Amino acid sequence: MMKIREALRRLTDAIFFPDIPVCGCCGKELEDRKSGVGFCRDCGAEMEKRRLPAAATDRGVLLYACYLYGGSVRRIVHRYKFDSGKWLAPFLGEEMAKQAAQIPGPLDAVAFVPLHKKRRRQRGYDQAELLAKEVAKRSGLPLVYGLSRTISTKKQSTLKAGERKTNVRGAFVRRKETPETEIAGKHFLLIDDVAATGSTLAECARVLRESGAASVSALVYARSENQGEMADA
Ligand SMILES: [Zn+2]
């Protein structure tokens, strides 16, 4: 069964990987370059308007983000998560790594907010894991598989802020295959694709800290000012 699934995944990856230069947001072919992913003029202008400075906001954990969610940013996030957009990971990860390089203070390791294994199986990949791999590779930091999601929580985006907090409480534990020595004393950069209230990030940070992490800062591709806007993320 796994073999068939893996074969199908490779096939779909091959089909969806663009061999022409395309805009990561709208999928339009780019005429001013030879290959790879970029932004067309319209999407690029809107992405630029939504770009955030490399400064943290506190949502229970110091949170850094590349963009404010919405418009073209929403489109590229959707393409990445819901439209077999695994091929976008290096493109998004590159921007996140640039933002990571601006973060003051020591960082020793990269971790990520994992999907529940059921969701991961459905999607075929864990979007936060792929971004964390890109950030780790580009920043020279080790990627630590520090967390696992024990409860397949109700979709965060359908809940109100208060409900979100209780929804994620206890949803993550230290991944038991990962020894505490890989976590203890380390300053972590915790990666996720998007953040609304920050309650998921705060919960993951709590588990890492309780496993001995010295500190946890978070970096997401996009954050939202209001959770209603994230209803479909
Ligand atoms: Zn475009």
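The model shown is predicted, which means the values in this text are computed figures rather than measured ones. Counting from 1, the numbers follow the sequence of the chain as shown. Counting convention: from 1, in listed order, for ligands and their atoms alike.
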Rounding to 0.5 Å, atoms CD (Glu225) and OH (Tyr69) come to a distance of 14.0 Å
Can you check ring pair (Phe, Tyr, Trp, His ring centres under 6.0 Å) on Phe39 and Phe91, steps first, answer last?
CA-CA 10 Å; Phe39 293 127; Phe91 185 61; 5.1 Å; yes
Report the protein N/O/S neighbours of the Zn ion (ligand 1) that fall below 2.8 Å; do not count waters.
Cys23 SG, Cys26 SG, Cys40 SG, Cys43 SG
Between Tyr80 and Gln127: side-chain donor-acceptor atoms closer than 3.5 Å
no
Report yes or no: does Arg174 contribute a side-chain atom to a donor-acceptor pair with the main-chain N or O of Thr178 at less than 3.5 Å?
yes
I'd like to know if the side chain of Tyr67 pairs up with that of Arg51 as donor and acceptor (distance under 3.5 Å, no hydrogens or angles considered).
yes
Contacts of Ser215 that satisfy side chain to side chain donor-acceptor pair (under 3.5 Å) - sequence neighbours left out
His187
